[in-house]
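See structure below.
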Amino acid sequence: MCGIFGVSGSSVASGATVLKGLKALEYRGYDSWGVAVRTARNDVFICKDVGKISQVHCDFPDGVEAFGHSRWATHGGVTKANAHPHVVGGVTLIHNGICENYRELKEKYPTTYASETDTEVMASLLAAHFATGKTPEECMMQMAKEVEGRYAVLAFFEGRPGICAARKGSPLIIGRGEHETYIASDIPAFLPYTKNVNYLDDNEMVRVVGAEVEFLNLQSGKAIDKRTIAVPWEAEDATKGDHPHFMIKEIREQKSTIASAINQSNDKLKAAAKMMKEAKGVYAIACGTANKAAMAGEYFFANIAGRKVNVVPASEMSSFLQFVREGTLLLAVSQSGETADVMEVLEIGKNKGAKILAMTNVESSSMARMADVHLPLQTGPEKAVASTKAATAQMAILFLLAYADAGRVNEGRELLSATAGAINDMLNPRFEERIEAISKKLAKHENMFIIGRNTLYPMALEASIKIQEVSYVHAQGFAAGELKHGPIALITEGAPVLVLGDDPETLSNAMEVKSRGAWVIGVSCIHSEVFDEWIRVPDCDEAQCISTVIPVQILSYHMAVERGLDPDQPRNLAKSVTVK
Ligand code: G6P
């Protein structure tokens, strides 16, 4: 949610470098963008606009440092005035997050406000303190005292070399070059230049001038020692390669990502299974697609380990927080490990003495770092807004954990290895072509329905998210048995119904819609005469939902392409939602 990229060091600190870095972060938000370049003579040149970064045409001067921002609007509409950077007095600022008390601060720090953003209020606060003679570091510390909310900020202070950055709740990572330093919301932004990173933690700030980097505590101002870590990613992992979009690249990568995901250390799995056993109640907390993966997990734990796991969308936890206490286990399922609604529940839970088990795709993510045990998804960077390979990795790990909980981890591993192999075989060009042909017909419809039972019920819900978010077709998922309790009234002649599974009850439900004129597309292991179209998936036993969801991902991708849309960057969405 909003991408931030900065660089200090005269040889590379150009507008072009910033734009390239921002492009790599555009999945975090793409309503509007802005770049600030500071020259050796201390002039700050700003270029900003609405729209995507590819539409940029700016003549940037040579710089000694530069930063930029790609926005997902929260406070204030998508306008050029609201795009970052914001300049007040001697301060130029970009921000990812939310300043909750901006109204109060706006009154306290009046200026001629040019935008409707909370960020400009933060710039005004910093500028007011800078004008009293405080150092940039002191201004940042003052900001931390006064601002309520979450932020990652980068600032230039007039006449003071370097970029000042601070973090509370939104990610910031430092990339260490030989003669220069990068600061970004996510590693892929500087991966072409360096793999050596420092993770900024909450309530920390950093001042970078070329290759010189100083870390300070944001409350006390005291210096902090940081370890530099080499990340295991290759620059190519974060590019599209020969694929037309990230979404299809990431779908195809599921040929190998299930196998990587289940390659978890036995010690960690044992520790996680012990946490499940000892927990006084388990709440799985997640949002969006990750929530649907967690719902599949709810079935795995019930079916395999006889354990009840409560799955609640993070944004709906407030009524249930009363049940979270010392000894409760919070199971956080997230691709980014930064989603604000999940983070909030974890923070409250931690204060109450709950334990945290997290599954995220980013080893350095906030959730990974606050967890008692973290099981990494190990799928490599996921950049398309719609989550695909991370979701199947989450399901595979939940499946493995359910088997570990039941004391049969090896059996779980074997089943998942067989599933990974079957998915590898399934994902071939002929399979994609078959689905593409069906998607061409489906793309002409404005409404469709998806049904499934047991673990395929959450997949029906996930299918509806996928289809809606990338193709903008109204798709609704139902528990197959619930159809006759209302939704069946929506079935008219030719209405497309995607049927996940081939168990007798679901096939009866398929027959009920077919008798009312529905066009039935089956996604299953065995063919049935009720299907007008059939997508065959391999039999993966209790892990069936993992292989069944993949053709649905492919279907939604091709529906989007067929409708002339960009599946990587659907309207109004952002990948990493770091605001509530
Ligand atoms: C956004 C993305 C979804 C994702 C959800 C949760 O809405 O568009 O694809 O499932 O956030 O994100 P997380 O990083 O916590 O998995």
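All ligand and atom numbering here is 1-based and tracks the order in the structure. One-based numbering along the sequence shown.
Seen from the ring of Y472, R563 does not count as a face-on cation partner, given the 6.0 Å and 45° thresholds.
Assignment of V342 to the shell around ligand 1 is not supported, since no heavy atom sits closer than 4.0 Å.
The aromatic rings of F399 and F300 lie perpendicular to each other, with more than 60° between the two planes, well past the 30° mark.
By the 3.5 Å distance cut-off applied to N or O atoms, G337 is not counted among the residues near ligand 1. Considering backbone and side-chain N/O atoms, Q335 comes within less than 3.5 Å of an N/O atom of ligand 1.
Annotation for K274: atom NZ does not count as buried by contact number, only 12 or fewer foreign heavy atoms lying within 6.0 Å.
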Practice task
Apply the test salt bridge (Lys or Arg N to Asp or Glu O under 4.0 Å) to residues R369 and E363: give CA-CA distance (whole Å), side-chain angles for both, the deciding distance (0.1 Å), then the verdict.
Solution key: CA-CA 8 Å; R369 280 182 296 147; E363 294 257 9; over 6 Å; no

Exercise for the section: Decide yes or no on salt bridge (Lys or Arg N to Asp or Glu O under 4.0 Å) for E347 and K350, but give the supporting numbers first. Expected result: CA-CA 5 Å; E347 278 156 11; K350 195 157 189 142; over 6 Å; no

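Within ligand 1, the atoms closer than 4.0 Å to a non-hydrogen atom of S387 are 9 (O), numbered from 1 in the order shown. For ligand 1 and A290, the ligand atoms under 4.0 Å from any heavy atom of the residue are 10 (O), 16 (O). With ligand atoms numbered from 1 in the order given, ligand 1 contributes 13 (P), 14 (O), 15 (O) to contacts under 4.0 Å with heavy atoms of S336.
Note: K168 NZ to E148 CD = 7.5 Å, rounded to the nearest 0.5 Å.
Among A386, C287, S334, A391, the residue whose heavy atom lies closest to atom 5 (C) of ligand 1 is C287.
Under 4.0 angstrom from ligand 1, the non-hydrogen atoms of T339 all belong to its side chain.
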